[in-house]
Amino acid sequence: MSDYYEILGVARDASPDQIKKAYRKLARELHPDVAGEESGDRFKDVARAYEVLSNPEKRQQYDLGVDPTAPGGGAGGPMGGGFGFQDIFETFFGGGQAQQGPIPRARRGQDALVRLDIDLAEATFGAKRELQVDTAVVCGTCGGSCCRPGTSPRTCEVCHGRGTVQRVARSFLGQVMTSAPCAACQGFGTVIPEPCAECSGEGRVRSRRTISINVPAGVDTGTRIKLTSQGEVGPAGGPAGDLYVEIRERNHDTFVRRGDDLHCTLQVPMTAAALGTVLELETLDGAQEIDLRPGTQPGQIVTLKNLGVGHLHGAGRGDLNVHIEVQVPTALDEEQEQLLRSLATLRGEERPDPRLSAAHPGVFSRLRDKLSGR
Ligand SMILES: [Zn+2]
Ligand SMILES: [Zn+2]
C-alpha cells in the first residue's frame with residue numbers, strides 16, 4: 001500500500017486544508033499540460049492520495065490499514081457516485097468510453113464451425129447431407145424479447161433511457177463533466193423488470209438443430225462451405241452469425257485422389273500384359289471396360305477420361321488413371337516351366353545380356369507413396 005501522506009508530502013496529522021493545499025501545488029506541477037505525458041504516473045499517484053486523504057471516511061479507513069482505492073474496498077464502489085480519481089484522470093487523459101446513447105441489447109450472434117466427414121463418392125459427385133448442430137436459437141417462450149410473456153422492457157429510471165450517466169464535479173480546475181455507462185441498466189437504456197424464465201432474459205437458448213446441406217462436387221479436405229445466418233443467434237433476438245462447414249474427406253480403399261484426378265493400381269498377369277486383353281474395372285461410376293494393348297508394360301498408366309472428381313469451379317471432371325502392375329508368375333508346375341523355357345529359347349532370352357538403367361521409381365514404391373512425391 002502506498003504512503004499517501006508521503007506522496008502528498010504532508011504530516012500524518014495534516015489538516016484537510018493542508019492536504020488540499022499540498023495537492024493543488026503538486027497537481028499544478030504535475031499536470032500533463034505543464035509537465036508532459038511522463039508525469040502521468042506520478043500525477044495518478046497524487047490524485048489517488050488526494051482522493052483518499054481528502055475524504056474523512058476514506059482517510060479513517062486508510063489510517064486503519066485498509067486501502068479504500070483497492071478493488072472491492074472503500075465506500076461507494078466503482079459506480080457509487082461521488083467524485084473519484086478515475087473521473088478526473090479521464091478528464092485529463094481523454095480515457096473512458098466515448099459511448100453516445102444507449103447500447104442496443106440485440107447483438108449479432110457468433111459464427112460457428114462444424115466438421116463434416118464425407119467419402120470419395122460424395123466428393124466426386126456432390127451430395128445432400130444432414131448435419132446436427134448445437135447452437136443458440138431464439139427463445140421460443142419470449143421470442144427474443146428477453147421478457148416474461150405479457151411484460152415488456154421499461155425505460156431505465158436512472159439514465160432516462162440514455163444509457164449513460166453524466167456527473168458534474170467541482171474541482172480546482174473548475175467544473176468537470178464526466179460520462180459513464182449507466183450501472184442500473186448496463187448502458188442499455190432499458191431494464192427488464194421480469195426476465196423470461198426459459199432463457200433467463202438472454203432471449204436465446206441452446207438447442208440441437210438439424211441442417212441439410214448441399215455438398216458440391218469437388219470439395220476436398222479443408223474446403224469450408226459457408227451457410228449464411230445459420231450460426232448462433234445473437235442475444236435479445238440479434239441476427240444470427242454464419243455457420244462454416246469444414247469438409248474432411250475419408251481415404252478410399254482403392255482410389256487415391258490428387259487434385260480432381262483419381263489414381264488406382266491394376267494388377268494383371270504377365271501373360272495378359274504380353275498378349276493384351278479387355279478387363280472390367282469397378283469404378284465410382286460402376287463397371288468400366290479397360291483395354292490393355294498387347295505388350296503393356298509395368299508402370300504404364302491407362303487414363304479413363306472424365307471418371308475423376310467433378311470440378312468445384314466450372315463443369316467437367318478429372319480423370320481416372322489406372323497404373324498397371326504386372327504380376328510375374330511364381331510356383332510354376334513342370335509343364336508351365338517347360339513352356340516358358342521353350343518361349344525363352346524361341347526369343348533367344350535364355351542368357352539375357354545384363355542391361356543397366358536408372359531405377360524406375362514405380363517399381364519400388366507403393367502407389368500412394370509415389371503420388372505423394374516420397
Ligand atoms: Zn426467453
Ligand atoms: Zn440506465
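All ligand and atom numbering here is 1-based and tracks the order in the structure.
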**Study point:** N/O/S atom of Cys146 inside 2.8 Å of the Zn ion (ligand 1), strictly under
**Key:** no

**Study point:** For Ala22 against Leu8, the heavy-atom pair lying closest together
**Key:** CB-O, 3.5 Å

Practice item. Apply the test side chain to side chain contact (heavy atoms under 4.5 Å, CB included) to residues Ile301 and Thr303: give CA-CA distance (whole Å), side-chain angles for both, the deciding distance (0.1 Å), then the verdict. Key: CA-CA 6 Å; Ile301 297 168; Thr303 299; 4.0 Å; yes

Review point. Taking the Zn ion (ligand 1) as the vertex, what is the angle from SG of Cys196 to SG of Cys139, given to 10 degrees?
Key: 110°

Check your understanding: Near the Zn ion (ligand 1), is there an N/O/S atom from Cys199 that is less than 2.8 Å away?
Key -> yes

Practice item. May I have the angle between Cys156 SG and Cys159 SG with its vertex at the Zn ion (ligand 2), rounded to 10°? Key: 110°

Exercise for review: Please test Tyr23 against Gln18 for side chain to side chain contact (heavy atoms under 4.5 Å, CB included), starting from the C-alpha separation and ending with a verdict.
Suggested key: CA-CA 9 Å; Tyr23 170 63; Gln18 286 171 324; over 6 Å; no

Check your understanding: If you look at every heavy atom in Arg42 and Leu30, which pair is closest and at what distance?
Key -> NH1-CD2, 3.9 Å

